[in-house]
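Convention: sequence-line order gives letters A, B, ...; per-chain numbering from 1. Side chains are part of it too, since the values below use all heavy atoms of this structure and drop only hydrogens, waters and symmetry mates.
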Amino acid sequence: MPTESEPRLRAGRKSIRECAGTQSLQSAAYLFQTPTMTQPNTIVTRFAPSPSGYLHVGGARTALFGWAYAKGRGGRFILRIEDTDQKRSSESASIGFLKDLCWLGIGWDEGPEFESFGGGDRGSYFQSERLDIYNTHLTRLIDAGQAYWAFDTPAELDAQRQAAKARGNPYRYEGTTARNIAKETVQQWLTEGRAAVIRFHTPTGPIVIEDEILGSATIPAGEVDDFVIRKADGFPTYHFAVVVDDELMGVTHVLRAQEHFNNTAKHMVLQDALGFRRPIYGHLPLIFNPDGSKMSKRDKDKLLRKASADRKMEQAPAGTVDAATFAAWRGDKTMQLPLADAERLAASLGVSLPEINVDDFRRSGYLPQVLCNFLALNGWSPGNNLEKFDNEFLQRTFDLSRVVKTPAKFDRMKLLAFNCDALQAMTAAEFTVLARAHGLSEHPEFMTRLSESQFVQLASASHERSKTLEDMFKANRFLILPDAELPYDMKSVLKVLVSGGGEAHLRAARDLLAKLSNWDAHSIEQLLKGYAEANTAGELGKVAQPLRVAVSGGTVSPPIFDTLAILGSSSVLARIDRALTMAAAQPRGTEAATQSPRAE
RNA sequence: GGCCCCAUCGUCUAGCCCGGUCUAGGACACCUCCCUUUCACGGAGGUAACACGGGUUCAAAUCCCGUUGGGGUCACCA
């Protein structure tokens with residue numbers, strides 16, 4: 001179970017200026033870390049996300065495959081944080097997704113320390129703390145003439161891109177100008193503190209990418225231009241950091257999303273220039289929404305925008321989002337509402353937010369092993385018509401040769417079905433344990449209102465109709481409401497009590513229940529079945545439905561005997577009386593019954 | 001648009017590499033019926049796909065070419 005203990009960045013980070021400046025680049029020692037290779041043929045994979053509070057399901061699958069591949073072969077799995085983007089520094093302190101990884105059962109041998117995972121002697125596992133290392137290798141490249149300083153401003157580059165576009169040509173950075181600047185001039189400009197990046201001098205010639213999943217592809221000569229490997233702020237770009245770290249950390253297999261496929265060419269030329277080994281690559285197919293759009297954390301906001309636009313909503317309902325935030329959000333389509341705000345707004349709009357992050361699925365009552373199982377099925381399958389398996393099986397069986405090349409659409413219905421199956425396969429005791437844990441973390445009000453024995457009864461009555469751990473809490477709110485505050489669905493009252501003639505049976509049942517001495521599910525069952533035998537030709541529904549409506553406010557609840565038993569006699573009688581009064585107040589006749597609006 | 005990749009039921013996929021056993025298998029969803037105190041579960045059936053066009057071959061979902069369609073990528077983001 002995840003706790004409130006947010007993973008935090010390790011203390012003692014060097015300040016950026018301290019190690020990212022031009023000076024430190026020039027004076028950096030030539031340290032070429034040689035990793036202590038444990039065994040020569042150990043398989044090492046890594047998951048290398050940028051910092052974030054939440055783990056996206058796509059990232060979760062990448063991590064799962066990397067983990068399974070290495071662990072199933074006696075290898076190591078590394079977690080590395082790619083925090084080289086200072087513009088996202090507000091997020092960089094947030095590596096909350098570590099708890100999501102733990103929850104899924106994906107542990108890492110090396111990386112940030114969290115729970116029992118992490119550590120390792122090839123750190124830091126935060127790229128922002130490895131600037132000295134990158135600078136060392138950057139210097140090598142510059143000294144060898146394989147990289148050079150470039151002083152173009154973003155505006156100049158932008159203009160060049162625009163011009164190329166206007167001409168209808170694909171834009172490629174033309175490096176000759178920058179490369180022809182005299183060494184002394186470069187030195188002088190650097191001393192003056194001019195903003196500069198380092199670009200890699202990409203060799204000409206086609207580049208052949210070998211991929212274990214996609215096969216091989218040839219990128220024609222000239223496609224890869226002189227890309228930036230060190231930004232003006234002194235941080236390396238992704239391409240450079242990834243290549244250096246994978247080498248130094250001994251990564252043998254790189255499993256990552258297919259969107260990185262074209263980047264591989266850049267990484268390969270860099271590896272050649274640096275004299276590095278080349279890992280084996282496997283690019284995983286992407287995961288999409290059912291409608292074919294890319295699954296994104298912005299999907300929640302997208303849905304809320306549509307819902308509020310449909311309702312022509314000009315301001316947020318009271319108590320959901322404050323006016324300023326709402327206005328800003330309406331004005332900026334790329335802005336994301338804070339999660340709590342988004343959830344309050346969704347609740348008041350009556351829409352439910354799509355689950356995108358691993359934590360969303362956890363909160364919706366999905367089991368971690370089911371999520372892993374299902375995620376693995378998106379892009380991979382073990383064959384033999386086998387679909388249900390655990391992570392241990394995945395470890396043993398996962399292989400790159402069975403990864404498909406086509407993108408998958410994430411099918412929530414199938415996930416739900418899998419979760420239901422897993423829940424049904426449990427014993428009552430197992431289910432109760434999980435239900436209690438879920439209730440404690442997501443629905444504390446249930447746990448305080450219900451006694452232990454009431455909760456156990458509810459769990460056992462809900463088990464067989466639960467598709468998620470969330471269902472029993474979502475469907476049975478009526479149990480914990482004060483009797484006088486129970487909302488009634490008037491359509492049900494009208495249909496079952498008024499026009500359906502349930503009122504009489506309800507009244508009769510009330511009298512019998514009031515006299516019942518042993519208030520437990522079994523006794524209630526005896527009583528009601530006896531009543532049905534004698535009065536409704538054995539049709540239990542004739543009395544069960546009126547009771548259900550009276551006691552729950554609607555037509556859906558756990559088995560009526562359990563429901564009444566959990567509620568207790570005084571609540572049951574009070575609610576029946578309320579329902580009876582309500583029914584008596586309704587105008588008779590079919591017209592009234594069919595067109596009355598719902599109350600409350 | 002340039003470059004790269006991909007293409008089996010609505011969806012996830014098996015089969016393809018090593019052509020015949022594929023009148024294409026499974027799962028989810030959907031439809032019908034059964035069970036039933038509501039909801040759900042469960043049981044029994046059913047609808048449903050090799051994108052298209054050319055080759056190669058005695059024989060192609062499987063090999064080749066093209067077309068169409070989809071995706072990825074073209075940042076001082078990763």
Partners of Glu259(A) by side chain to side chain donor-acceptor pair (under 3.5 Å), sequence neighbours excluded? Lys294(A)
When you measure only distances, ignoring hydrogens and angles, does the side chain of Arg465(A) come within 3.5 Å of the base of C41(B) through a donor and an acceptor? no
Who pairs with Phe65(A) by ring-ring contact (aromatic ring centres under 6.0 Å, His included), at least two apart in sequence or on another chain? Phe398(A)
Give me each pair satisfying ring-ring contact (aromatic ring centres under 6.0 Å, His included) with a member in residues 205-232 of chain A, each pair once, sequence neighbours excluded. Phe200(A)-Phe227(A), Phe227(A)-His239(A)
Please identify each residue that fulfils side chain to side chain donor-acceptor pair (under 3.5 Å) with Glu355(A), with sequence neighbours left out. Ser364(A), Arg412(A)
Contact string for nucleotides 47-52 of chain B, one letter per nucleotide 5' to 3', B = base within protein heavy-atom range under 4.0 Å, S = sugar-phosphate only, - = neither, reads ------
With rounding to the closest Å, how many angstrom separate the P atoms on C30(B) and U73(B)? 34 Å
Applying side chain to side chain contact (heavy atoms under 4.5 Å, CB included), name anything that partners Asn535(A), two or more places apart in sequence or on another chain. Tyr531(A)
Just to be sure I understand the rule, does His283(A) reach a base, reach only the sugar-phosphate, or reach nothing, if contact means heavy atoms closer than 4.0 Å? nothing
pair_partner(U68(B)), Watson-Crick or wobble, both distances < 3.5 Å, evaluates to A7(B)
Hits for side chain to side chain donor-acceptor pair (under 3.5 Å) against Gln146(A), two or more places apart or cross-chain, chain-then-number order -> none
Strictly under 4.0 angstrom, non-hydrogen atoms only: write out the protein contact profile of nucleotides 16-34 of chain B, one letter per nucleotide from the 5' end, B, S or -. ---------BBBBS-----
Is it the case that Lys388(A) places NZ or CZ above or below the six-membered ring of Phe418(A), under 6.0 angstrom from the centre and within 45 degrees of the axis? yes
List in chain and number order the residues that pass side chain to side chain contact (heavy atoms under 4.5 Å, CB included) with Glu430(A), two or more places apart in sequence or in another chain; answer none if no residue qualifies. Met426(A), Thr427(A)
Please report, rounded to the nearest Å, how far the P atom of A78(B) is from the CZ atom of Phe227(A). 13 Å
Please list, chain by chain and in numerical order, all residues satisfying salt bridge (charged side-chain N to carboxylate O under 4.0 Å, His left out) with Arg80(A), sequence neighbours excluded. Glu82(A), Asp245(A), Asp246(A)
Would C58(B) be called syn or anti here, given the cut-off of 90° from 0? anti
Base contacts versus sugar-phosphate-only contacts with protein, heavy atoms under 4.0 Å: please encode nucleotides 63-76 of chain B as B, S and - from 5' to 3'. --------SBSSSB
Check side chain to side chain contact (heavy atoms under 4.5 Å, CB included) between Ser462(A) and all other residues, then give those that pass, not counting sequence neighbours. Leu458(A), Ser466(A), Met472(A), Asn476(A)
